[in-house]
Amino acid sequence: MAGPTLLDDVAWIWRTWASRPARLWALTLAVFFVFGALVLWALPVINIAYWARPWQFATLYCGFVAPLAILIRDQPWHRQYAYSLLAIMPLELVALNLGTTIPYPHNLLEPVVGPRCFALAMVLIDSWIPYVGNRIVALLWRPDSTRRAAT
């Protein structure tokens, strides 16, 4: 008996995204935009890696990470992390190979993991971002809130 097909998976993704309220999308995009802007600001301070172009944070966090976070939002933390690993791994590897993500020379990770494991370490670290963002959104999200009637 055949299992789910790629079309079934795409249909599930589309249904999941379409079922989320517009306010949740707006809040999630805002949280990840701010999160990405803070990362952009902190990159020279934490001295690990930086983006080749500063605007990349917006396309990455709002165009990739936020939709991923919305998709896996209802999963337990370990599944969120596992799905994030699978989604972020190819993105991180391609970004490092194309030079759109550039490690700082003598960065903080290489003495710990070595230069050959830098990409692996970045994937393991960056895969926490959707989960952390989902936790922040969960703290701010009030689905039952209604507009106050004018009295």
Side-chain angles (χ1 to χ4, degrees), residues 1-52 56-104 107-145:
M1 193 153 100
T5 65
L6 180 59
L7 287 177
D8 295 330
D9 294 338
V10 170
W12 171 78
I13 290 168
W14 188 256
R15 277 192 316 273
T16 303
W17 282 339
S19 69
R20 305 296 190 200
R23 283 182 49 244
L24 177 64
W25 272 98
L27 177 62
T28 303
L29 288 169
V31 164
F32 279 97
F33 183 85
V34 170
F35 196 96
L38 289 172
V39 169
L40 177 67
W41 170 81
L43 286 174
V45 176
I46 58 177
N47 195 30
I48 294 175
Y50 62 96
W51 290 300
Q56 285 177 248
F57 87 90
T59 58
L60 175 65
Y61 281 83
C62 293
F64 185 79
V65 181
L68 171 64
I70 285 176
L71 185 65
I72 62 176
R73 181 176 197 274
D74 297 330
Q75 301 294 324
W77 73 268
H78 58 281
R79 282 198 186 149
Q80 287 189 43
Y81 184 69
Y83 289 139
S84 296
L85 276 171
L86 292 173
I88 289 174
M89 185 183 338
L91 184 74
E92 191 72 45
L93 293 175
V94 168
L96 285 166
N97 282 317
L98 290 178
T100 58
T101 298
I102 304 162
Y104 278 107
N107 63 67
L108 297 173
L109 283 179
E110 285 185 5
V112 177
V113 299
R116 293 181 183 211
C117 293
F118 180 81
L120 173 62
M122 289 300 295
V123 168
L124 292 172
I125 293 167
D126 291 347
S127 293
W128 284 106
I129 294 171
Y131 171 74
V132 170
N134 276 336
R135 297 297 298 157
I136 294 168
V137 169
L139 291 172
L140 300 173
W141 177 243
R142 301 291 178 251
D144 296 326
S145 63

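When reading the values below, keep in mind they use all heavy atoms of this one structure, side chains included, and skip hydrogens, waters and symmetry mates.
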Distance-minimising heavy-atom pair for [X] and [Y]:
X	Y	value
T101	L96	O-CD2, 3.6 Å
P130	V65	CG-CG1, 3.9 Å
A138	R142	O-NH1, 4.0 Å
Q80	I72	CG-O, 3.3 Å
G133	V31	O-CG1, 4.1 Å
A119	L93	CB-CD2, 3.7 Å

**Report entry** Over 12 foreign heavy atoms within 6.0 Å of OH, Y104
**Finding:**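 Yes - once you tally the heavy atoms of other residues, nucleotides and ligands closer than 6.0 Å, there are more than 12.
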
Report task. Flag yes if more than 12 heavy atoms outside R20 fall under 6.0 Å of its CZ atom; otherwise flag no. Result ->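 Yes, CZ of R20 has more than 12 neighbouring heavy atoms, counting only those of other groups under 6.0 Å.
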
Query raised in the report: Where does the angle between the aromatic ring planes of Y61 and W51 fall among parallel (under 30°), tilted (30 to 60°) and perpendicular (over 60°)?
Result: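 Taking W51 first and then Y61, their aromatic rings stand perpendicular (interplane angle over 60°).
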
Strictly distance-based, threshold 3.5 Å: is any side-chain N or O of [X] a donor or acceptor partner for the main-chain N or O of [Y]?
X	Y	result
Y81	L124	yes
W17	P67	yes
T59	Q56	yes
E92	M122	no

Rounded distance [0.5 Å steps], [atom1] in [X] versus [atom2] in [Y]:
X	Y	atom1	atom2	value
I46	L109	CD1	CG	9.0 Å
W25	C62	CH2	SG	10.5 Å
L71	W14	CG	CH2	12.5 Å
L68	I129	CG	CD1	10.5 Å
D74	N134	CG	CG	8.5 Å
F32	F57	CZ	CZ	13.5 Å

Query - F64: partners by ring-ring contact (aromatic ring centres under 6.0 Å, His included), with sequence neighbours left out - result: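 Scan of F64 (ring-ring contact (aromatic ring centres under 6.0 Å, His included), adjacent residues dropped) gives none.
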
Requested in this report: Flag the pair L91 / L60 as yes when at least one side-chain heavy-atom distance between them is below 4.5 Å, and no otherwise.
Outcome: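 A side-chain contact under 4.5 Å exists here.
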
Requested in this report: Find out whether F118 and I48 are in side-chain contact, i.e. whether some heavy atom of one side chain is under 4.5 Å from a heavy atom of the other.
Outcome: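 Touching, per the 4.5 Å side-chain cut-off.
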
Report task. Sequence neighbours left out, what passes salt bridge (Lys or Arg N to Asp or Glu O under 4.0 Å) with D8? Give chain and number order. Result ->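 Scan of D8 (salt bridge (Lys or Arg N to Asp or Glu O under 4.0 Å), adjacent residues dropped) gives none.
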
Requested in this report: Begin with the C-alpha distance, continue with both residues' side-chain angles, and end with the deciding distance and a verdict on side chain to side chain contact (heavy atoms under 4.5 Å, CB included) for I70 and V137.
Outcome: CA-CA 10 Å; I70 285 176; V137 169; over 6 Å; no

Report task. Give every residue pair that meets the side-chain hydrogen bond (donor to acceptor under 3.5 Å, both in side chains) criterion with at least one member in residues 108-127, sequence neighbours excluded. Result ->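 For residues 108-127: N107-E110.
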
